[in-house]
There are 2 protein chains.
Amino acid sequence: MTETRGERKERTRRAILDAALALLEESSLVALSLRQVSKQVGIVPTGFYRHFDSIEDLGMALVDESFESLRAMLRDVRQGREGGAPGWMDIVDDSIGILDEHVHRQRSHFAFIARERTAGPPLVREAIRHEIELCERELATDLARLPGTDRWSTEDLRVLSGLIVTAMVAFAENTLHAVGRPGAEKLVVENARTQLRMVLVGALNWTSRP
Amino acid sequence: MTETRGERKERTRRAILDAALALLEESSLVALSLRQVSKQVGIVPTGFYRHFDSIEDLGMALVDESFESLRAMLRDVRQGREGGAPGWMDIVDDSIGILDEHVHRQRSHFAFIARERTAGPPLVREAIRHEIELCERELATDLARLPGTDRWSTEDLRVLSGLIVTAMVAFAENTLHAVGRPGAEKLVVENARTQLRMVLVGALNWTSRP
DNA sequence: AGTTTGGGTGAACGATTGTTCACTCAAAGT
DNA sequence: ACTTTGAGTGAACAATCGTTCACCCAAACT
């Protein structure tokens, strides 16, 4: 059983991405060297260039990959909601549960996003910012579909989405920081649950300005 | 007019801190080299060790300094509130205005915190996390002093404070990202204002679980 | 007046960095 | 069967990195 050329290339490309993700759990892209990655993969430094132009280029690929998995999660959240119309608070509990599970399963992806969102090279930062803004938009249209949002201006829906996304980003960060401390983990989840409920109580009592 | 020994030392120490803050506006501590800082200050690399043990040590000093200025700001926020009892929404407007002004005046400090909070060396990250947690506690006791928080458990007050602080951190980050784009700046402020109002509407309609 | 202290200097070290170039050699294309 | 392609190699480069050491000299102390 021999390996086709493209297969082999894709395999080392994956190895590079995985090696980078592993190294980036404890440091940042701006401090990551091409040679560290090569060594971890088991190839010679120059081999790196066959797959990426630079560390920043690698970072852009990781942004794509990370948000691909994040979008898969968001599909899960929506899917868990369709069929039947559970109460607001059930939506909160389910969504946070799913997010929590995904953060654990894709730990390195979320850790990457959390770090490079503020510390990465400018292009990477901008790409992450853009992706998060897309998430906000999608959440806004989702919220618009729910009953009880009649009195909301589209502008206020966007602002509310921003608030929720901000809280969820913070929740993901806190979850990452709490892994391995089981007590702290439960606390972080409960914290996020209550916060989202508070926001929702605010939302349900909100009336957009004329 | 000669300079006393301690004065001279303090002057170069400040120069190092300032040089680091300037360099850290576009990069991160983990990518900052001792030699860059020395060159920017105008001293030889070894001179650095007369003031700090390492870059991480410098980072800890910057954490102290940054949160000292942040605490000064929080005093302003409280002071602007005492005397007279303006409405909730006035408190929101005033607080955000003050925060906005301070982010501009201490841009490099806030940029430092925003970056190293997630990307800095472990000790620096932990120090920043601790300081922010202190801010949450202080906000919680402040909120407890306000009228209308009778039906709130102290636990829920803490959770609410966490939500507000999270939103304010995000606001500061957005403000930093918007500097130089006057339109965007006004939008960011208006965004934060509305979000805080939403949270407050939620808070005013909240009843802690029995 | 004589001695100590300590901020700043400058050379030197071994290690690591990104990038170049000329190479191999097996898979893919002819 | 013969040629081309391209992933991976290995040597070499000029820079930069953190850290060491011995040194200077003016302020501070005795």
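Chain identifiers are assigned alphabetically (A, B, ...) following the order of the sequence lines, protein sequences preceding nucleic acid strands; residue numbering begins at 1 within each chain.
When each of B:Pro45 and A:Arg8 is assigned the nucleotide of DNA chain D with its nearest heavy atom, A:Arg8 is the one assigned upstream, toward the 5' end.
Taking every side-chain heavy atom of A:Tyr49 into account, C:dT20 is the closest of D:dT9, C:dT20, C:dG8.
For B:Thr46, no side-chain nitrogen or oxygen approaches OP1 or OP2 of C:dG8 to under 4.0 Å. Between B:Thr4 and D:dA28, a side-chain N or O to OP1/OP2 separation shorter than 4.0 Å is present. Residue B:Thr12 places no side-chain N or O under 4.0 Å from the OP1 or OP2 atom of C:dG7.
Within 6.0 Å of CD on B:Glu68 lie no more than 12 heavy atoms contributed by other residues, nucleotides or ligands. Around NE2 of B:His130, the count of heavy atoms belonging to other residues, nucleotides or ligands within 6.0 Å does not exceed 12.
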Listed pairs, N/O of protein and of nucleotides 2-6 of chain D, under 3.5 Å:
| residue | atom | partner | partner atom | Å |
| --- | --- | --- | --- | --- |
| D:dT5 | O2 | A:Arg5 | NH2 | 2.5 |
| D:dG6 | O4' | A:Arg5 | NH2 | 2.8 |

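With sequence neighbours left out, the ring-ring contact (aromatic ring centres under 6.0 Å, His included) criterion links A:Phe67 to no other residue.
Rounding to the nearest 0.5 Å places CG of B:Leu176 at 10.0 Å from CD of B:Glu185. A:Leu21 contributes atom CG, which lies 4.5 Å from atom NE2 of A:His109 (distance to the nearest 0.5 angstrom). Here CG of A:Leu187 is found 12.0 Å from CZ of A:Arg181. Values are rounded to the nearest 0.5 Å. Atom CG of B:Leu32 sits about 9.5 Å away from atom CD of B:Gln40, to the nearest 0.5 Å.
Across A:Arg78, A:Arg81, A:Arg137, a single residue satisfies side chain to side chain donor-acceptor pair (under 3.5 Å) together with A:Asp142, and that is A:Arg78.
A straight line from CD of B:Glu7 to C1' of D:dA26 spans 15 Å, rounded to a whole angstrom. A:Arg14 places its CZ atom 17 Å from the P atom of D:dA7, with the value rounded to the nearest Å. In this structure, CG of A:Leu23 is placed 15 Å from P of C:dT16, rounded to the nearest angstrom. B:Arg13 has its CZ atom 12 Å from the P atom of C:dG7, to the nearest Å. As rounded to whole Å, 12 Å separates atom P of C:dG8 from atom CZ of B:Phe52. For A:Asp53 and C:dG18, the CG to C1' distance is 13 Å, given to the nearest whole Å. Regarding A:Ile43, its CD1 atom lies at a distance of 7 Å from the P atom of D:dT9, rounded to whole Å. Between the C1' atom of C:dG8 and the CZ atom of B:Arg11 lies a distance of 12 Å, rounded to the nearest Å.
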Atom pairs and distances, donor-acceptor, side-chain atoms in residues 49-63 of chain B, under 3.5 Å, two or more places apart:
| residue | atom | partner | partner atom | Å |
| --- | --- | --- | --- | --- |
| B:Ser54 | OG | B:Glu56 | N | 3.4 |
| B:Ser54 | OG | B:Asp57 | N | 3.2 |
| B:Asp57 | OD2 | B:Asp53 | N | 3.1 |

Distance-only check: which donor-acceptor pairs under 3.5 Å involve side-chain atoms of residues 155-164 of chain A, not counting sequence neighbours?
| residue | atom | partner | partner atom | Å |
| --- | --- | --- | --- | --- |
| A:Asp156 | OD2 | A:Trp206 | NE1 | 3.1 |
| A:Asp156 | OD2 | A:Ser208 | OG | 2.5 |
| A:Ser161 | OG | A:Ala140 | N | 3.2 |
| A:Ser161 | OG | A:Leu157 | O | 2.9 |

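When all heavy atoms of A:Ser28 and B:Val30 are compared, the pair lying nearest together is CB-CG2, 4.1 Å. Closest of all the heavy-atom pairs between A:Leu146 and A:Thr149 is O-OG1, 2.9 Å.
Helical stems in DNA chain C, defined as runs of 3 or more consecutive Watson-Crick or G-U wobble pairs with donor-acceptor distances under 3.5 Å: C:1-13 with D:18-30, C:15-17 with D:14-16, C:19-30 with D:1-12.
Less than 4.0 Å separates DNA chain C from at least one heavy atom of each of the following residues of residues 29-37 of chain B: B:Arg35.
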